[in-house]
Amino acid sequence: MSAAEGPLVVGVDTSTQSTKALVVDVPTGQVVASGQAPHTVSSGAGRESDPRQWWDALCEALRQCGDAAHEAAAVSIGGQQHGLVTLDDRGEPVRPALLWNDVRSAPQARRLIEELGGAKFWAERTGSVPAASFTVTKWAWLAENEPEAVRATRAVRLPHDYLTERLTGQGTTDRGDASGTGWWASGTESYDEEILAHVGLDPAMLPRVVRPGEVAGTVRDSHDLPFSKGTLVAPGTGDNAAAALGLGLRPGTPVLSLGTSGTVYAVSKRRPADPTGTVAGFADAHGDWLPLACTLNCTLAVDRLATLLGLDREAVEPTSGLTLLPYLDGERTPNLPNASGLLHGLRHDTTAGQLLQAAYDGAVHALLSALDLVLDEDADHSAPLLLIGGGARGTAWQQTVRRLSGRPVQVPEAKELVALGAAAQAAGLLTGEDPAAVARRWNTTRGPVLDAVERDEETLARITGVLSDAAPLLERSPEAH
């Protein structure tokens, strides 16, 4: 490994379960040091974390990076989106943060949509129709269930904002993360006073939205981090926008992220507004837009099927006439929150390997259906699909995506794309470059390209048909089963 040329930057990924830090050489993109530390998430009805754990994890991850972190000239924080962090007048958390996957605010989401002009109003105003993951619904839940916590709150932040503020002493966010709150108007790129008034949130309690390329602040003196005082702090952003930076995405290039849930997105020059709520109209971190759709059932659902069948996750066999909709946790795309898994076409000669392949097919069908809604008319439909996330290196996932998409598939070798994207943003402060151009210079998408194969129209049509025919069953509430 060649020696770093310098200067160095730090990119951070503070995710649901852990915080990772990378020290990256700006000229080459070489990762010269890294660290990682876990945090805990509550179980039960809610999903909560103490924000102070994120700070402790950041300190530990940076400690693992050693002297390289101390030499960094700039730092940026990429983080899990949507989480509600409430701070008191001393800047301390009023209560644990409500995380993106805390869905207790589903009733508040439905009520907010009804009370403020319906789904079309929200899509046109904020770019998205709020679901239980969105911050505005969590604030409404808190106001209804813990009014004393709301009364004690003097500042409201997102997870990445909280860490940035502890570095700089300034309350800031960026357009990418702000666009996932439900109270940021995408048309005017400002906080929406009507929505804030409706949910009883004083805009003075919100962070300043820092523009792309602007410095959010500098590392202050009173801290316990291995940064020099005066180190530049970039705006940071949400995890999906950071990963888009890390890939150096150009408009129209499609991304499929295979994780516990599946995500599809592409950078667009057009502001999205989907009243069905399938596509979230997020902003990206450098002036464009990041329409995104999410499926709930991806690698975890397929792995669960493999476990039930007693198979290795790669032990698939070609299938014909068998359809499995792996909606084990309900589904968001298509919007079937009450659904459970459904199997059609089972016969005496069906094998376990065929059942497993059918689970892959059902999961990928949902992702590709969502991708069709994300891509606009400017998208290049022959460009390789960028396959990222935990499942991206799985042969069965790769082959299923190739067969059902009919497109070439590229699997980037880079793993920590959120932290790399944050590092590219920090590097852009030093060089004056677009962070996506920095990532392209670093060649972060380098990796094998798998050639296109003929699209399996028969399987796609069969799954679509079963999904349509079974819709009344899948839409029933659990009490009706």
Side-chain angles (χ1 to χ4, degrees), residues 1-40 49 53-80 159-160 163-164 166-167 219 223-228 231-234 236-248 257 259 285 388-390 392-393 411-431 435-436 438-447:
M1 187 176 289
S2 60
E5 300 174 17
L8 302 177
V9 292
V10 171
V12 175
D13 173 11
T14 181
S15 65
T16 315
Q17 304 286 349
S18 68
T19 292
K20 309 175 190 76
L22 302 180
V23 183
V24 181
D25 181 46
V26 172
T28 64
Q30 175 191 344
V31 176
V32 301
S34 64
Q36 180 172 350
H39 9 101
T40 58
S49 287
Q53 281 194 36
W54 307 336
W55 178 254
D56 293 342
L58 176 61
C59 292
E60 172 57 22
L62 288 166
R63 186 195 66 77
Q64 294 171 21
C65 292
D67 292 341
H70 187 75
E71 296 169 10
V75 58
S76 176
I77 311 286
Q80 55 174 312
H160 111 257
L163 292 176
T164 301
R166 288 201 63 170
L167 289 174
V219 172
H223 67 89
D224 54 357
L225 283 178
F227 289 129
S228 304
T231 299
L232 297 181
V233 181
T237 193
D239 51 8
N240 288 300
L245 284 184
L247 290 164
S257 180
I388 65 172
R393 286 168 175 76
V411 185
E413 293 170 358
K415 293 178 181 177
E416 302 298 344
L417 287 164
V418 173
L420 275 175
Q425 189 187 62
L429 289 185
L430 302 179
T431 66
V438 172
R440 289 193 291 271
R441 181 163 57 73
W442 291 348
N443 199 16
T444 54
T445 59
R446 180 179 60 247

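- Of all heavy-atom pairs between Ala392 and Val411, the closest is O-CG1, 3.7 Å.
- Taking CD of Glu416 as the start and OG of Ser15 as the end, the distance is 8.5 Å to the nearest 0.5 Å.
- At least one donor-acceptor pair under 3.5 Å links the side chain of Arg441 to the backbone N or O of Val26.
- Here the CD-CD distance, from Gln17 to Gln36, works out to 10.5 Å after rounding to the nearest 0.5 Å.
- Across all their heavy atoms, Ala33 and Ala68 have their closest contact at CB-CB, 4.0 Å.
- The one candidate from Val9, Val32, Val31 that meets the side chain to side chain contact (heavy atoms under 4.5 Å, CB included) condition with Leu22 is Val31.
- A pairwise comparison of heavy atoms in Pro27 and Pro7 identifies CD-O, 4.0 Å as the closest pair.
- In terms of heavy-atom proximity, Gly246 sits nearest to Thr444 at O-OG1, 2.5 Å.
- Side chains of Asp25 and Leu8 form a contact here, defined as non-hydrogen atoms less than 4.5 Å apart.
- Here the CZ atom belonging to Arg440 is positioned 11.0 Å from the CG atom belonging to Leu247, to the nearest 0.5 angstrom.
- Distance check: Leu420 CG to Lys415 NZ gives 12.5 Å after rounding to the nearest 0.5 Å.
- A distance of 11.5 Å separates CH2 in Trp54 from CZ in Arg166, rounded to the nearest 0.5 Å.
- Taking the side chain as every heavy atom from C-beta outward, Leu167 and Trp55 approach each other to under 4.5 Å.
- Under the 4.5 Å side-chain criterion, counting only non-hydrogen atoms from C-beta, Trp442 is in contact with Val24.
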Let me check something: any side-chain donor-acceptor pairs from residues 70-79 under 3.5 Å, sequence neighbours excluded? List them with distances.
unit_1	atom_1	unit_2	atom_2	d
Ser76	OG	Gln425	OE1	2.6

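- For the pair Pro412 and Ile388, the minimum side-chain heavy-atom distance is below 4.5 Å.
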Candidate pair Phe227 and Val10, rule side-chain contact (heavy atoms from CB on, under 4.5 Å), full reasoning: CA-CA 10 Å; Phe227 289 129; Val10 171; 3.8 Å; yes
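- Thr19 and His39 share a donor-acceptor pair across their side chains, judged by distance under 3.5 Å alone.
- In this structure, CD in Gln80 is found 6.5 Å from OG in Ser49, a value given to the nearest 0.5 Å.
- Closest approach of Ala21 and Cys65 over heavy atoms only: O-SG, 3.9 Å.
- Listed by chain and residue number, Glu413 satisfy the salt bridge (charged side-chain N to carboxylate O under 4.0 Å, His left out) test with Arg446 (two or more places apart in sequence, or in another chain).
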